[in-house]
Structure formats: C-alpha cells, structure tokens
Amino acid sequence: MTVKTIFLRAGLLAPAVLAATAVLAQQAYDPMRPAANPLAPPTSAPASAAPAVETDPELGNLPVGPGAEDTYYQCVACHSTAIIRQQRLTDERWDYLWTWMIEEQGMYEPEPETTDVILTYLKTHFSSER
C-alpha cells in the first residue's frame, strides 16, 4: 500500500468518522437531562420516588391536610404560599420563625389553638426532620 493510497482512504473515511463522532457527542451530552449528584452517596438500588402529595389549588397548592386552610389564611396576608412550600426547616426553627414574624414583622397572632394547628401543619409538611 502506497502513501498515496493511505491518504486517499483516510480522506474518504475522515468525514464518516467525524459524523459518527458528532452523533455520539450529541447523544452523550444533553444539557436538559438531570445530572447525577457527584456528592450523593452511591446506592445499590434505584431511588424510589416519593409518593405524590395531594395539593389544594384553592389554597395556593399547599398539601391537603388538617391545618391547610388556617395556614393559608394566616400566611398569605404577607407572602405567597411559594415561600412556605420551598421551606425545609427544623421544628425548632419553625417555632423561632413564628415568634420572629409576630415580634419583628408584625404578624397577627392567632389564638393559641390556631397557632398549634398551623405550626403542626408546617412541621408536618415542611420540616427537614421528616
């Protein structure tokens, strides 16, 4: 095989190799595909999906349950339910935040029974301890 033949064959194969490489590169990287967390501990079994929680669209998509309505009407006077839904606070931090909102932010303080219902609801659905 002469040098000329080698270069001729390489010249004909190069576009095909480049096209195949481009296809593989496109399949390997998808910026919209969720990436694995490199800091997560390895698991031997696939992670099970958390059960879907029923939400109430009339109550700002808060989870359905005892205290949802009281929580909605108490909290939306100052902010949206989105700020509640994103929280993952400890139970102790919920108690602190409740006191802070009353003392520092001027939140209306409901009756003690209603306070207990709301804090139980928040801790049940938006706690980092569960």
Side-chain angles (χ1 to χ4, degrees):
M1 187 178 299
T2 66
V3 174
K4 182 178 177 183
T5 306
I6 293 172
F7 281 115
L8 181 61
R9 287 185 182 169
L12 294 175
L13 291 176
V17 171
L18 288 174
T21 304
V23 168
L24 289 175
Q26 287 176 350
Q27 291 173 351
Y29 177 71
D30 179 2
M32 299 307 289
R33 184 180 59 219
N37 181 352
L39 301 176
T43 58
S44 57
S48 62
V53 176
E54 183 183 358
T55 59
D56 189 338
E58 291 183 12
L59 298 178
N61 290 320
L62 289 175
V64 172
E69 191 171 346
D70 290 321
T71 302
Y72 176 80
Y73 288 111
Q74 178 71 31
C75 298
V76 298
C78 297
H79 55 75
S80 75
T81 58
I83 193 99
I84 302 165
R85 293 189 323 264
Q86 73 184 9
Q87 300 304 311
R88 293 297 178 263
L89 304 175
T90 63
D91 291 357
E92 182 180 351
R93 187 69 179 170
W94 274 117
D95 291 331
Y96 169 82
L97 187 59
W98 184 265
T99 302
W100 175 80
M101 286 188 286
I102 290 169
E103 293 176 358
E104 301 295 326
Q105 301 301 308
M107 180 177 83
Y108 168 77
E109 185 172 9
E111 296 295 321
E113 299 82 23
T114 304
T115 296
D116 290 342
V117 167
I118 293 171
L119 283 173
T120 299
Y121 177 84
L122 292 170
K123 293 173 185 178
T124 300
H125 295 283
F126 305 105
S127 174
S128 63
E129 297 179 19
R130 283 164 196 69

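- In terms of heavy atoms, D91 sits closest to S127 at OD1-OG, 2.9 Å.
- Between E104 atom CD and T99 atom OG1 the span is 10.5 Å, to the nearest 0.5 Å.
- Y96 and L122 end up in the same hydrophobic cluster when Ile, Leu, Val, Met, Phe, Trp and Tyr side chains are linked at under 4.5 Å.
- Judged as a ring-ring contact (aromatic ring centres under 6.0 Å, His included), and not counting sequence neighbours, the contacts of Y121 are H125.
- For the atom pair NZ of K123 and CD of E92, the computed distance is 9.5 Å after rounding to the nearest 0.5 Å.
- Heavy atoms of other residues, nucleotides or ligands lying less than 6.0 angstrom from CD of Q87 number more than 12.
- Side-chain atoms of I102 and Q105, non-hydrogen and from C-beta on, never get closer than 4.5 Å to each other.
- The heavy-atom pair separating V64 from T55 by the smallest distance is CG2-C, 3.8 Å.
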List the steps and the verdict of side-chain contact (heavy atoms from CB on, under 4.5 Å) for Y72 and E58. CA-CA 10 Å; Y72 176 80; E58 291 183 12; over 6 Å; no
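- At most 12 non-hydrogen atoms from other residues, nucleotides or ligands lie less than 6.0 angstrom from CD of E111.
- Contact between P63 and A68 at its shortest, heavy atoms only, is O-CB, 3.6 Å.
- A continuous path of ILVMFWY side-chain contacts below 4.5 Å connects Y73 to L119, so both sit in one hydrophobic cluster.
- Taking all atoms of both residues into account, the shortest heavy-atom contact from G67 to T71 is O-OG1, 2.7 Å.
- The SG atom of C75 sits 11.5 Å away from atom CG of L59, with the distance rounded to the nearest 0.5 Å.
- Under the 3.5 Å distance criterion, the side-chain polar atoms of Q74 are left unmatched by any main-chain donor or acceptor of I118.
- Annotation for G60 and T81: closest pair O-OG1, 2.6 Å, computed over non-hydrogen atoms.
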Show your reasoning for whether side-chain contact (heavy atoms from CB on, under 4.5 Å) applies to D95 and W98. CA-CA 5 Å; D95 291 331; W98 184 265; 5.8 Å; no
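- The CZ atom of F126 sits 5.5 Å away from the CG atom of L62 when rounded to the nearest 0.5 Å.
- Nearest heavy atoms, H79 versus I84: CE1-CG1, 3.7 Å.
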